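Structure, as structure tokens:
Fair warning: this is a prediction, and the values are worked out from it, not measured in the lab. For this chain, numbers begin at 1 and follow the sequence in order. FYI, side chains are in, hydrogens and waters are out, and symmetry mates aren't considered; it's all heavy atoms of this structure.
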Amino acid sequence: MQINISGHHVEVTPAIRDYCLTKLDKLSRHNDLVNNAQVTLSVDKLTQKAEALVHVNGNKDIFADSESNDMYAAIDSLTDKLDRQLLKHKEKLRSHR
């Protein structure tokens with residue numbers, strides 16, 4: 001799984017990059033259909049925001065975003081949302097077969 005991390009009005013430090021990569025590696029554990037992910041981290045005044053666009057096999061894109069006062073909490077919430085959406089997508093694939 002290829003993961004691209006970019007920052008908007010924030011510098012992506014190696015610590016944040018490593019934290020984001022370890023959290024997003026859990027997504028590939030649940031679903032082997034994930035090709036790549038584009039993660040954008042941004043800061044708007046006091047709000048830390050994390051957004052991700054995950055491309056899944058079958059021409060499907062899954063989007064999730066999360067806001068928090070802490071960037072690490074926003075990344076945690078983002079990965080939880082993506083995990084739920086990927087499990088739901090996987091269940092849909094099983095039920096249609």
Side-chain angles (χ1 to χ4, degrees):
M1 179 166 108
Q2 180 182 1
I3 301 171
N4 297 328
I5 302 171
S6 61
H8 187 260
H9 297 290
V10 66
E11 180 183 347
V12 181
T13 63
I16 291 177
R17 181 177 299 278
D18 290 340
Y19 187 76
C20 195
L21 290 175
T22 56
K23 287 293 188 174
L24 289 174
D25 280 340
K26 294 179 183 178
L27 298 179
S28 63
R29 177 181 64 189
H30 289 296
N31 197 344
D32 57 345
L33 302 175
V34 177
N35 288 337
N36 59 6
Q38 175 64 40
V39 179
T40 305
L41 307 174
S42 62
V43 175
D44 187 32
K45 294 191 180 184
L46 297 176
T47 305
Q48 313 285 326
K49 187 173 184 180
E51 299 175 341
L53 181 66
V54 177
H55 184 72
V56 183
N57 284 346
N59 296 329
K60 174 95 173 151
D61 289 332
I62 296 175
F63 177 79
D65 63 342
S66 176
E67 293 182 358
S68 179
N69 292 333
D70 182 30
M71 184 62 77
Y72 292 101
I75 293 170
D76 286 340
S77 178
L78 175 73
T79 54
D80 290 341
K81 288 180 182 181
L82 284 172
D83 188 39
R84 278 185 268 134
Q85 288 183 14
L86 285 172
L87 288 175
K88 185 175 180 182
H89 176 69
K90 194 173 182 180
E91 284 297 319
K92 280 184 181 180
L93 289 178
R94 283 188 194 159
S95 67
H96 287 295
R97 289 184 183 189

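Across Ser68 and Ala74, no two heavy atoms sit closer than the pair CB-N, 3.9 Å. Nearest approach of Leu41 to Val10, heavy atoms of both residues: O-CG1, 3.3 Å. For the residue pair Val39 and Cys20, the shortest heavy atom distance occurs at CG1-SG, 4.0 Å. When all heavy atoms of Lys81 and Ser66 are compared, the closest pair comes out as NZ-CA, 4.2 Å.
To the nearest 0.5 Å, atoms CD1 (Ile62) and CG (Leu86) are separated by 4.5 Å. Atom NZ of residue Lys60 and atom NZ of residue Lys92 lie 5.5 Å apart, to the nearest 0.5 angstrom. In this structure, NZ in Lys23 is found 13.5 Å from CG in Asp18, a value given to the nearest 0.5 Å.
In this structure the side chain of Lys49 reaches within 4.5 angstrom of the side chain of Ser42, judged on heavy atoms. The closest side-chain heavy-atom distance from Asn36 to Asn4 is not below 4.5 Å. Here the side chains of Val54 and Leu24 are not in contact, with every heavy-atom distance at 4.5 Å or above. Residues Ile16 and Ile75 form a side-chain contact, since some pair of their non-hydrogen atoms from C-beta on lies under 4.5 Å apart. Proximity of Tyr19 to Asp76: side-chain heavy atoms (C-beta onward) are separated by under 4.5 Å at one or more points. Under the 4.5 Å side-chain criterion, counting only non-hydrogen atoms from C-beta, Gln38 is in contact with Ser6. Looking at Lys26 and Thr79, their side chains never come closer than 4.5 Å, going by heavy atoms from C-beta outward.
Neither Leu53 nor Met1 shares a network with the other; the hydrophobic side chains, linked directly or stepwise wherever heavy atoms of I, L, V, M, F, W or Y lie under 4.5 Å apart, form separate groups for each.
Within the structure, no pair that satisfies the ring pair (Phe, Tyr, Trp, His ring centres under 6.0 Å) test touches residues 42-63, not counting sequence neighbours.
Ionic pairing of Lys88 and Glu91 is not present here: no N-O contact between side-chain nitrogen and carboxylate oxygen is shorter than 4.0 angstrom.
A 6.0 Å sphere centred on CG of Asp70 holds more than 12 heavy atoms belonging to other residues, nucleotides or ligands.
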